[in-house]
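Side chains included, hydrogens not; waters and symmetry mates left out as well; all remaining heavy atoms used.
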Amino acid sequence: MEIRFVQLSEVAQLARNVVSAFPSKTPDALLRNMPNELVHPDEGRYLGCFDDDGTLLGSVLFMDFDLNVRGKMIPMGAPAYVSTHFLHKKEKVARTLLRVLMGYYASLGVPISCLHPFNPAFYNKMGYGYASELLLFQPKPCYIRSWGEKSGLSYAETEEDRKEVLAYYQRWAERTHGATVHHFMDPHRIFDMPYVVTCRRDGRLTGYLTFEFVEVDHYTDMYHDLAVREMLYDDVETLRTFMTFFASQTDQIERVRIYTHDPSLQLMFSNPDSGENRLHTGCIHETCRCALDYMARIIDIPGYFKLEDHCEGTVSRDFVLELQVRDSFLPANNGSFYLKVSGDHLTVCDRAPADVTLYTDIADLSSLVMGATPLKDFLAYGQMSISDKSFADDVQKAIGWSEKPKNYTYF
């Protein structure tokens with residue numbers, strides 16, 4: 001068995017494996033660009049696993065991101081399009097490639113990895129914890145609140161518009177926990193959408209959204225759903241402008257599908273019913289759907305805490321925290337790690353007498369530091385244990401985060 005980057009002469013094998021692994025999810029643009037990507041990597045680099053006859057048994061796309069973790073941009077390595085030969089499933093090819101990817105990024109000083117899972121249980125076994133969630137609201141336009149003013153809206157059509165929108169997104173990502181930046185994915189994610197709409201006040205960009213039309217099951221082609229894939233805004237005035245735009249689409253749009261991280265967005269609707277005709281326990285209307293977005297994994301525990309050396313708040317007392325971590329996938333992460341916490345900072349230290357010990361699996365630790373689940377819930381459900389419960393609030397302040405991650409980039 002040989003593990004190396006895929007060469008141009010092997011592009012047909014690579015494409016076949018990717019399509020058979022993601023038969024309905026492989027973009028045509030990715031396949032068209034694949035030969036060029038193997039020569040001049042831009043989106044990422046394809047690592048392959050080959051048998052002795054040169055058959056490509058599996059591959060994974062290495063993608064280099066910047067990730068906002070707790071208000072600080074740090075490097076992140078993402079595996080994408082994890083694919084195995086359709087005739088060689090269940091031969092641990094994917095596990096081997098993921099282990100190589102983690103070791104590669106850890107050796108470069110990249111302490112964390114994220115991915116969008118095709119099967120959460122599969123990646124959870126490899127130490128990835130649940131991180132971000134995405135909500136789908138789909139109200140009828142007539143039930144979206146209108147404020148009567150949408151004069152600041154326009155399509156992003158010029159090159160200057162594109163640059164301005166990308167700069168806006170980058171600023172948003174740099175202040176938003178969980179957001180990612182990728183030089184190739186960001187412009188494609190935004191501008192591959194059929195429509196990009198900006199909002200300006202006094203000449204200043206205050207937000208943008210992307211949307212596309214989605215067919216609905218009717219006997220006429222006049223009605224579609226409006227799918228809003230991404231919507232960023234500075235203030236409530238911009239949000240109201242967007243809502244007024246949606247509310248004005250009653251003549252051709254059946255429902256507006258809004259993908260968001262904000263559960264309170266339903267305040268913008270007079271009726272948030274999803275239209276799915278689901279009455280739970282007899283009389284409770286379904287208002288939105290919740291989906292797992294990406295998963296995250298610490299691949300270098302000391303490296304992570306050397307970069308993320310700030311607490312969310314000032315702890316009530318100085319203490320030494322021992323993290324006793326179970327990681328069956330990466331031996332270097334399996335064991336005890338010590339953090340000295342003082343004020344609103346922490347430092348990685350050598351073995352020392354610990355004031356409190358937190359016992360955790362690597363996947364749960366990854367979810368905790370990403371703010372997906374607070375420590376009190378891990379303790380309440382028995383997923384973690386702590387030697388002294390009086391330290392729980394301070395441990396949460398030291399290594400946890402109260403804001404859930406937000407991200408729009410799919411990888």
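Among all heavy-atom pairs drawn from Tyr338 and Asp350, the shortest one is CB-O, 3.8 Å. The minimum heavy-atom distance between Gly48 and Leu97, with the atom names listed, is C-CD2, 4.2 Å. Among all heavy-atom pairs drawn from Leu14 and Ser59, the shortest one is CD1-OG, 3.2 Å. Closest heavy-atom contact between Leu323 and Ile399: CD2-CD1, 4.1 Å. Pro111 and Gly109 get closest at one heavy-atom pair: CD-O, 3.4 Å. Pro405 and Ala131 make their closest contact through CD-O, 3.9 Å (heavy atoms, listed as atom of the first residue, atom of the second, distance).
The aromatic rings of Phe118 and Phe122 are tilted relative to each other, their planes meeting at an angle between 30° and 60°. Taking the six-membered ring where the residue is Trp, Tyr128 and Tyr123 present perpendicular rings, their angle passing 60° and hence far from 30°. The aromatic rings of Tyr195 and Tyr155 sit tilted relative to each other, their planes meeting at an angle between 30° and 60°. Using a 30° and 60° split on the angle between ring planes, His182 and Phe184 fall in the perpendicular class, above 60°.
Residues Asp273 and Tyr143 bring no donor and acceptor atom of their side chains to less than 3.5 Å of each other. For the 3.5 Å distance criterion, the side chains of Ser316 and Asp394 qualify, holding a donor opposite an acceptor. Between Asp388 and Ser390, the side chains place a donor N or O and an acceptor N or O closer than 3.5 Å (distance only, hydrogens not considered). Side chain to side chain, His116 and Asp293 meet the donor-acceptor criterion of an N or O pair below 3.5 Å. With 3.5 Å as the limit, one finds no donor-acceptor pair spanning the side chains of Asn407 and His261. There is a side-chain donor-acceptor pair under 3.5 Å between Tyr105 and Asp64. With 3.5 Å as the limit, one finds no donor-acceptor pair spanning the side chains of Arg189 and Tyr410.
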Intermediate values then yes/no, salt bridge (Lys or Arg N to Asp or Glu O under 4.0 Å), Arg229 and Asp192 = CA-CA 11 Å; Arg229 300 295 182 182; Asp192 283 355; over 6 Å; no

Working for side chain to side chain donor-acceptor pair (under 3.5 Å), residues Thr210 and Glu230 = CA-CA 5 Å; Thr210 68; Glu230 187 168 343; 4.5 Å; no

Apply salt bridge (Lys or Arg N to Asp or Glu O under 4.0 Å) to Lys340 and Asp318, showing your working.
-> CA-CA 8 Å; Lys340 184 176 182 180; Asp318 295 350; over 6 Å; no

Any chance you could lay out the side chain to side chain donor-acceptor pair (under 3.5 Å) test for Ser336 and Glu322, step after step, and finish with the verdict?
-> CA-CA 6 Å; Ser336 290; Glu322 177 187 358; 2.7 Å; yes

Could you walk me through whether Tyr130 and Asn124 pass side chain to side chain donor-acceptor pair (under 3.5 Å), step by step?
-> CA-CA 8 Å; Tyr130 308 130; Asn124 189 249; 4.5 Å; no

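Shown here is Glu159, whose CD atom has more than 12 heavy atoms of other residues, nucleotides or ligands within 6.0 Å. No more than 12 heavy atoms of other residues, nucleotides or ligands lie within 6.0 Å of CZ in Arg351, so this atom counts as exposed by the packing criterion. The environment of Lys89 atom NZ is dense: over 12 non-hydrogen atoms of other residues, nucleotides or ligands sit within 6.0 angstrom. Heavy atoms from other residues, nucleotides or ligands lying under 6.0 Å from CG of Asn119 number more than 12.
No salt bridge links Asp355 with Arg317; every basic N to acidic carboxylate O contact stays at or beyond 4.0 Å. Salt bridge status for Asp161 with Arg200: present, with a side-chain N to carboxylate O gap under 4.0 Å. Look at Arg201 and Asp235 and you find a salt bridge, because one of the NZ, NE, NH1 or NH2 atoms lies within 4.0 Å of a carboxylate O, short of that distance. Using a 4.0 Å cut-off between a side-chain N of Lys or Arg and a carboxylate O of Asp or Glu, Asp344 and Arg70 do not qualify as a salt bridge.
A donor-acceptor pair under 3.5 Å is formed between the side chain of Asn68 and the backbone N or O of Glu174.
Annotation: the span from His224 atom NE2 to Glu254 atom CD amounts to 11.5 Å, rounded to 0.5 Å. For the atom pair CZ (Arg257) and CD (Gln138), the distance works out to 6.0 Å, reported to the nearest 0.5 Å. Rounding to the nearest 0.5 Å gives a distance of 8.0 Å between OG1 of Thr241 and CD of Glu237. Taking CD of Gln170 as the start and CG of Asp66 as the end, the distance is 8.0 Å to the nearest 0.5 Å. Distance CD/Glu308 to CE/Met370: 9.0 Å, rounded to 0.5 Å.
With a 4.5 Å cut-off on side-chain heavy atoms, Ile258 and Phe246 count as touching.
Shown are His85, Lys92, Glu91; of these, the side-chain hydrogen bond (donor to acceptor under 3.5 Å, both in side chains) with His88 is made only by Glu91.
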